[in-house]
Visitor: 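So that we are looking at the same thing, I have put the structure below in structure tokens.
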Amino acid sequence: MASTIASFKVDYYQYLDPDGRLVEGSQIPALARDMKELVSLYRLMTLTRVFDKKAVALQRTGKLGTYASSLGHEAAHVAIGSAMREEDCFAPMYREYAAQFYRGVKMSDVLLYWGGDERGNDFSGPKHDFPWCVPIATQCLHAAGAAMAYKLYKQPRVAVTVVGDGGSSKGDFLEAINAASAWKLPLVLVIVNNQWAISVPRSKQNTAKTLAQKGIAGGLPSIQVDGNDLIAARWAMDKAVAAAREGRGASVIEMMTYRLSDHTTADDARRYRPQGEVDSAWNKEPLLRMRKYLMDQGFWDEVKEEELLDECAERVQAAVEDYQHAVSNDPQSIDSMFEYMFKNMPHHIEEQREYAKQFPAEGDH
Amino acid sequence: MASTIASFKVDYYQYLDPDGRLVEGSQIPALARDMKELVSLYRLMTLTRVFDKKAVALQRTGKLGTYASSLGHEAAHVAIGSAMREEDCFAPMYREYAAQFYRGVKMSDVLLYWGGDERGNDFSGPKHDFPWCVPIATQCLHAAGAAMAYKLYKQPRVAVTVVGDGGSSKGDFLEAINAASAWKLPLVLVIVNNQWAISVPRSKQNTAKTLAQKGIAGGLPSIQVDGNDLIAARWAMDKAVAAAREGRGASVIEMMTYRLSDHTTADDARRYRPQGEVDSAWNKEPLLRMRKYLMDQGFWDEVKEEELLDECAERVQAAVEDYQHAVSNDPQSIDSMFEYMFKNMPHHIEEQREYAKQFPAEGDH
Amino acid sequence: MAEITLVEAVTMALAHEMEQDPTVVVFGEDVGVNGGVFRATAGLQKQFGDERVIDTPLAEVMIAGMCVGMAAQGMKPVAEAQFEGFMYPMVDHLVNHAARLRHRTRGRLTCPMVVRAPWGGGIHAPEHHSDSNEATWAHFPGMRTVIPSSPSRAYGLLLAAIRDPDPVVFLEPKRIYRWQKETVEDSGEELPLDVCFVLRDGTDITLVTWGAMVKETMEAAQALAEQGISAEVIDVATVAPIDMDTIIESVEKTGRCVIVHEAPKHCGVGAEIAASLADNAIWHLKAPIKRVTGYDTVMPLYRNEMNYMPSCKRIVHAAEQVLRFE
Amino acid sequence: MAEITLVEAVTMALAHEMEQDPTVVVFGEDVGVNGGVFRATAGLQKQFGDERVIDTPLAEVMIAGMCVGMAAQGMKPVAEAQFEGFMYPMVDHLVNHAARLRHRTRGRLTCPMVVRAPWGGGIHAPEHHSDSNEATWAHFPGMRTVIPSSPSRAYGLLLAAIRDPDPVVFLEPKRIYRWQKETVEDSGEELPLDVCFVLRDGTDITLVTWGAMVKETMEAAQALAEQGISAEVIDVATVAPIDMDTIIESVEKTGRCVIVHEAPKHCGVGAEIAASLADNAIWHLKAPIKRVTGYDTVMPLYRNEMNYMPSCKRIVHAAEQVLRFE
Ligand SMILES: Cc1ncc(C[n+]2csc(CCOP(=O)(O)OP(=O)(O)O)c2C)c(N)n1
Ligand SMILES: Cc1ncc(C[n+]2csc(CCOP(=O)(O)OP(=O)(O)O)c2C)c(N)n1
Ligand SMILES: [Mg+2]
Ligand SMILES: [Mg+2]
């Protein structure tokens with residue numbers, strides 16, 4: 001005898017289409033009518049894009065190390081950051097700058113980090129947020145641990161983490177889903193699916209229809225949204241964050257977007273990715289559609305756009321100067337390598353520090 | 001706009017109920033009418049149970065080390081072993097003796113292994129099968145690797161692996177599902193859900209309705225069966241093995257059963273498990289219902305049962321003697337510790353071997 | 001004040017610190033109702049509830065990763081790995097995160113977590129249950145690796161490990177979990193994590209060891225004493241970072257050193273001690289530095305296990321070799 | 001016959017062996033169309049197809065575990081870990097399975113797999129991309145850890161690693177991937193995995209090193225030569241198991257030894273070499289054994305990176321200290 005004992009589905013949400021039109025027949029989220037909020041989020045998306053371009057340029061001219069661009073992900077990242085409260089906890093991967101800017105991380109922090117200076121990770125954002133996380137998907141379990149802590153503290157706080165389409169293959173992410181299920185953790189697991197993991201396309205991570213359905217493994221509510229649609233992405237985040245905060249447990253959101261840039265500045269995507277794919281992705285990118293929508297609604301125009309771009313350029317320039325000032329005028333010392341190894345410096349590390357100071361590196365570094 | 005882009009379900013299968021009656025209205029698998037085959041499988045289940053009891057007794061009397069009993073899992077294990085071909089590959093955990101006996105592993109191999117003698121893992125079964133695997137769930141990836149090898153060799157061979165309800169929480173299992181999906185591997189992933197992972201009940205592994213649904217993460221066909229019902233379990237295995245062999249990819253089968261024993265002989269389940277639960281599980285155990293069914297169908301009777309038990313006792317006794325002979329008359333030497341470290345023994349290991357031989361351990365070991 | 005075993009001392013320290021500090025939680029497989037497979041957490045869930053003593057799903061990466069997360073948010077998780085052989089999935093989170101969090105965030109976030117594990121061979125356990133993997137942890141900067149060898153040291157060192165503001169791997173020699181009883185007061189007094197313990201004073205030779213090998217090494221010292229040889233025995237206890245000062249001082253006195261550990265020889269912690277002596281005490285050495293260790297083999301299944309483990313005889317033999325030099 | 005870099009020598013060895021042996025497959029993230037983030041597998045997928053050069057999902061436990069499975073079934077998988085810092089999730093499968101499979105099955109199954117990884121610091125890479133973790137692997141019995149230091153050694157040692165019937169961790173010093181070109185013939189001739197390479201003969205002091213530090217160590221030898229000091233330079237190459245005979249022989253001759261490695265000092269592979277000398281060559285030592293190593297700190301982000309790395313200056317300084325003794 002066969003009987004169906006469990007059934008599941010993955011729904012897809014899109015509210016603002018690539019042409020900046022609200023999708024017909026939808027139950028449109030209130031945010032779509034909150035023009036003030038949309039303008040403010042649009043401004044942050046734009047700032048992030050201007051920043052991003054500058055950071056790439058700095059790397060190209062040798063003023064910054066390898067940098068991971070966020071080009072094309074701005075809506076997803078702004079949605080994530082803006083759905084959270086300050087006391088919530090964000091465990092990023094390495095390119096969610098817009099989410100972090102919303103939370104208070106400074107552009108100069110980002111530059112310090114990719115500029116090879118540990119102070120970047122001592123960022124100005126919520127001091128309890130996790131630092132950038134290079135070992136793929138490990139941040140998911142840190143977020144699960146934070147969520148566990150809040151649950152044990154009985155604080156209404158939520159942990160939010162982001163993983164890529166590539167990272168969604170890793171045990172850490174999958175174990176985090178399981179943990180979230182086991183303890184009904186106040187956790188939101190966001191898959192920012194930008195279709196590529198360096199050179200490996202989404203289709204090679206697995207053959208499942210969606211990545212969202214990984215959440216079904218833990219019985220978590222699991223949806224897919226157009227991650228270039230700020231309204232849909234934010235709506236999904238709001239819902240998931242509220243569920244987590246109210247003790248209804250964790251969710252998985254797959255945000256569909258596209259990595260318009262190289263993987264990092266150390267990568268050359270032309271080696272493996274057809275230009276046609278990139279070109280057509282540009283038609284769906286998040287700023288364009290939001291700008292069109294705001295313009296259609298009469299809340300944005302070319303003049304405002306120009307002003308905004310100028311303002312962003314200025315703010316970015318100031319951040320670059322802060323960064324350059326820090327690394328030139330107040331560089332990390334040799335001591336700084338030995339500090340922070342332990343709360344109380346052991347004897348042998350003290351000795352190594354004194355020795356190291358006799359041998360400063362020569363020349364450029 | 002919301003649209004459903006993927007839907008899934010988990011079906012449950014049972015053909016032979018705990019009272020040994022075919023469940024009404026079912027599309028009964030052909031195996032239910034193949035009395036010769038059922039008798040032969042019943043005989044193996046019984047042999048395994050007799051063996052198991054003896055092994056526990058040997059441990060209790062100091063003649064065997066820690067032993068992991070398979071009590072209650074016999075139908076699931078026989079279903080697994082009997083659905084495979086010799087050239088297929090089995091990657092067990094540590095208690096699937098019935099599956100292994102079917103494939104040619106000797107009872108004395110099992111005793112050697114738990115008796116602290118490496119020769120147990122050099123077993124008589126298909127020489128390409130994986131050894132027992134203590135680090136939980138790691139075997140799943142070995143099976144995935146074997147499946148990959150067969151796929152690359154273009155051989156119609158299938159890898160089958162087993163994981164527990166506990167082990168299903170581990171990244172290795174979850175990554176194996178993903179790998180199976182990515183490459184459409186000829187792989188069958190069986191979760192033998194015996195409700196307990198040592199003292200941790202199934203409900204603490206996660207709060208999802210089933211464990212089978214973990215397969216949905218990779219878009220794999222995923223079902224649950226009554227794992228005490230040999231007919232359902234075998235039917236599910238046949239289907240999954242055929243799909244794998246024919247290039248249709250991997251499946252997940254959750255077999256519902258119950259660990260009637262302690263976790264191992266080193267465990268005392270009374271510390272954490274209500275006796276009532278165990279008692280009622282005994283009503284659903286796999287041998288009972290098969291015996292009833294065979295008797296109802298006129299293919300079994302008390303006399304045959306008695307004969308079988310005698311025969312099993314004899315065979316088990318012979319295996320115990322083989323084991324005892326090996327460890328007493330032909331024990332592993334000190335050399336054996338150094339052999340097999342590398343194909344060609346490095347110089348320093350040779351030296352260590354010569355040194356070790358000067359210091360044989362004293363007394364009992 | 002009762003006489004307790006090493007494993008009972010572990011339980012006592014856990015209970016003490018959970019009582020004192022509400023942020024301490026015990027986190028692991030079977031630590032709750034079952035009280036751990038070695039009973040190290042026996043009774044704790046009853047006493048502190050299931051929000052302080054938490055049975056986890058079977059997933060070591062998760063255990064380590066979540067502990068990093070909890071610790072970063074102000075808790076003091078004490079994870080239990082069921083056996084040292086199941087700690088390997090934890091390497092990534094311990095090395096790439098726990099040990100670096102303070103450094104990489106310039107102290108903004110810290111990671112005061114402990115991973116405890118029954119460790120080492122000699123109890124005729126199944127495969128993968130008898131490794132001595134302290135060298136794996138000892139090499140990585142940013143965390144401590146601590147190994148007690150008696151009930152009172154287990155108590156005091158575990159208290160210190162839990163209170164330590166940085167991550168600690170705490171390896172419990174399972175072979176001597178119940179070997180000796182000792183009167184241990186539940187005083188809340190910790191022992192320092194930056195000193196070796198001199199267990200026996202001597203003048204002719206220094207025997208350096210840790211964990212369960214303290215047993216055989218003390219026996220060897222006794223056997224040597226019967227030959228009129230005075231052996232100093234040092235229990236390193238915290239094998240990373242090592243208090244070399246105590247060891248060097250001893251070797252400066254005795255001029256001879258034998259290092260004893262269960263782990264394989266090649267790149268074991270014994271190598272660090274010998275290397276450090278070869279740098280800092282070479283003019284005091286009257287003889288080669290010998291290491292008596294497990295072999296560079298897989299820890300064999302139990303019938304051969306005692307052929308693998310360093311024995312009193314092997315230690316005495318090495319000492320005699322070393323003492324042959326004048 | 002062209003002059004090629006170290007990373008090109010890696011590619012050449014892979015291509016050679018894939019050509020010879022149909023069971024060799026390359027398995028890892030971005031190894032296919034992209035040819036690896038350092039281009040070590042460039043062109044291989046085009047040449048051998050995507051069933052021989054396989055892009056994997058992003059999952060290192062899976063990569064290691066599946067390689068164990070494939071190797072046990074007769075293949076020779078050569079996995080690539082994208083950076084050494086991402087090898088930690090592989091520890092469990094390497095240590096608990098790959099390294100033990102032959103032993104635990106009495107040779108019934110074997111595990112002839114290789115894990116290659118770009119390794120070490122000095123290229124101003126992002127966080128977690130600059131570790132020197134050879135000691136992690138070197139301690140575990142049952143596998144080899146091999147580190148080439150020149151194009152020709154990369155070619156010969158990688159061939160040997162792939163052909164080796166047992167698991168090999170093959171760490172490629174990324175800092176010198178493109179440092180020096182060398183004429184390497186695609187002869188299919190392997191180099192032995194059980195010997196050190198004496199790169200420079202000398203009589204006054206032995207400098208022992210491996211990987212990219214060969215560069216600074218050879219520079220230091222040159223600087224010492226200019227002071228009239230004759231330094232012998234040994235490239236250990238296979239750091240587990242180590243060919244101590246060559247090192248001991250050299251130190252017996254020179255009486256002095258400085259060991260150089262990038263990894264943190266505490267329990268690094270340098271400790272094993274010093275310890276072994278302190279046991280086997282002590283009467284030949286005219287001076288303490290010094291180690292010039294990375295510090296016991298996290299490898300810092302790139303602005304401080306060169307302050308962390310052992311430099312020619314530091315090596316010369318240590319040599320001078322050691323040479324002060326008569
Ligand atoms: C554990 C681990 N393996 C490999 C890498 C190298 N690596 C860095 S980013 C990346 C791809 C990540 O892809 P995805 O998860 O889709 O995120 P995206 O970069 O596209 O945002 C890889 C393989 C790493 N950082 N960590
Ligand atoms: C990685 C790892 N962690 C922990 C253990 C200790 N351990 C052995 S069996 C077991 C429980 C396994 O439960 P389950 O997967 O349900 O299988 P069962 O024993 O019930 O068949 C545990 C925790 C282990 N062997 N490996
Ligand atoms: Mg991606
Ligand atoms: Mg179970």
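Since we're looking at a predicted model, the values are computed, not measured. Throughout, protein chains are lettered first and strands after them, A, B, ... in sequence-line order, and every chain is numbered starting at 1.
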Visitor: From A:Phe130 CZ over to C:Thr105 OG1, what is the distance, rounded to the nearest 0.5 angstrom?
Guide: 10.5 Å
Visitor: Given heavy-atom pairs under 4.5 angstrom as the criterion, report whether the side chain, backbone, both or neither of A:Gln155 touches chain C.
Guide: neither
Visitor: Counting only non-hydrogen atoms closer than 4.5 Å, does C:Asp245 touch chain A with its backbone (N, CA, C, O), its side chain (CB onward), both, or neither?
Guide: side chain
Visitor: Could you have a look at C:Arg100, C:Met244, C:Arg144 and say which one has the most heavy-atom pairs with chain A under 4.5 angstrom?
Guide: C:Arg144
Visitor: If you count heavy-atom pairs under 4.5 Å with chain C, which of A:Ile349, A:Asn344, A:Asp172 comes out on top?
Guide: A:Asp172
Visitor: Side chain, backbone, both or neither: which part of A:His128 has an atom under 4.5 Å from a heavy atom of chain C?
Guide: both
Visitor: Using a 3.5 Å cut-off and no angle test, enumerate the donor-acceptor pairs between side-chain atoms of residues 53-71 of chain C and protein atoms at least two apart in sequence or in another chain.
Guide:
| from | atom 1 | to | atom 2 | distance (Å) |
| --- | --- | --- | --- | --- |
| C:Asp55 | OD1 | C:Asp30 | N | 3.1 |
| C:Asp55 | OD1 | C:Val31 | N | 2.9 |
| C:Asp55 | OD1 | C:Gly32 | N | 2.9 |

Visitor: What part of A:Tyr150 gets within 4.5 angstrom of chain C, counting heavy atoms only: side chain, backbone, both, or neither?
Guide: side chain
Visitor: Under 4.5 Å heavy-atom distance to chain C, tell me which part of A:Trp183 shows up: side chain, backbone, both or neither.
Guide: side chain
Visitor: Check whether A:Leu174 gets within reach of chain C through its side chain, its backbone, both or neither, counting any heavy atom under 4.5 Å.
Guide: neither
Visitor: Considering all heavy atoms of both residues, which atom of C:Asp92 and which atom of A:Lys170 are nearest to each other, and what is their separation?
Guide: OD2-NZ, 4.2 Å
Visitor: Can you say whether C:Asn96 sits under 4.5 Å from chain A via the side chain, the backbone, both, or neither, judging by heavy atoms?
Guide: side chain
Visitor: Please rank A:Met148, A:Glu339, A:Glu175 by heavy-atom pairs under 4.5 Å with chain C and give me the top one.
Guide: A:Glu175
Visitor: What residue in A:Gln332, A:His347, A:Lys151, A:Gln139 has the most heavy-atom pairs under 4.5 Å with chain C?
Guide: A:Gln332
Visitor: What part of A:Ala176 lies closer than 4.5 angstrom to a heavy atom of chain C: side chain, backbone, both or neither?
Guide: neither
Visitor: Looking at every heavy atom in both A:Tyr153 and C:Gln73, which two are closest together, and how far apart are they?
Guide: OH-O, 2.6 Å
Visitor: How about CD on C:Glu249, more than 12 heavy atoms from neighbouring residues, nucleotides or ligands closer than 6.0 Å, or not?
Guide: no
Visitor: Does anything in residues 86-108 of chain A get under 4.5 Å of chain C by heavy atoms, and if so which residues?
Guide: A:Cys89
Visitor: What is the minimum heavy-atom distance between C:Gly142 and A:Met341, and which atoms define it?
Guide: N-CE, 3.4 Å
Visitor: Between A:Lys127 and C:Arg108, which heavy-atom pair has the shortest distance, and what is it?
Guide: O-NH1, 2.7 Å
Visitor: Quick check for you: among A:Gly171, A:Gly145, A:Ala179, which has the greatest number of heavy-atom pairs under 4.5 Å with chain C?
Guide: A:Gly145
Visitor: Can you tell me how far the NE2 atom of A:His142 sits from the NE2 atom of C:His93, to the nearest 0.5 Å?
Guide: 4.5 Å
Visitor: What heavy-atom pair brings A:Lys343 and C:Pro165 nearest, and what distance separates the two atoms?
Guide: CB-CG, 3.4 Å
Visitor: Tell me the closest heavy-atom pair linking C:His103 and A:Ser336, and the distance in Å.
Guide: NE2-O, 4.0 Å
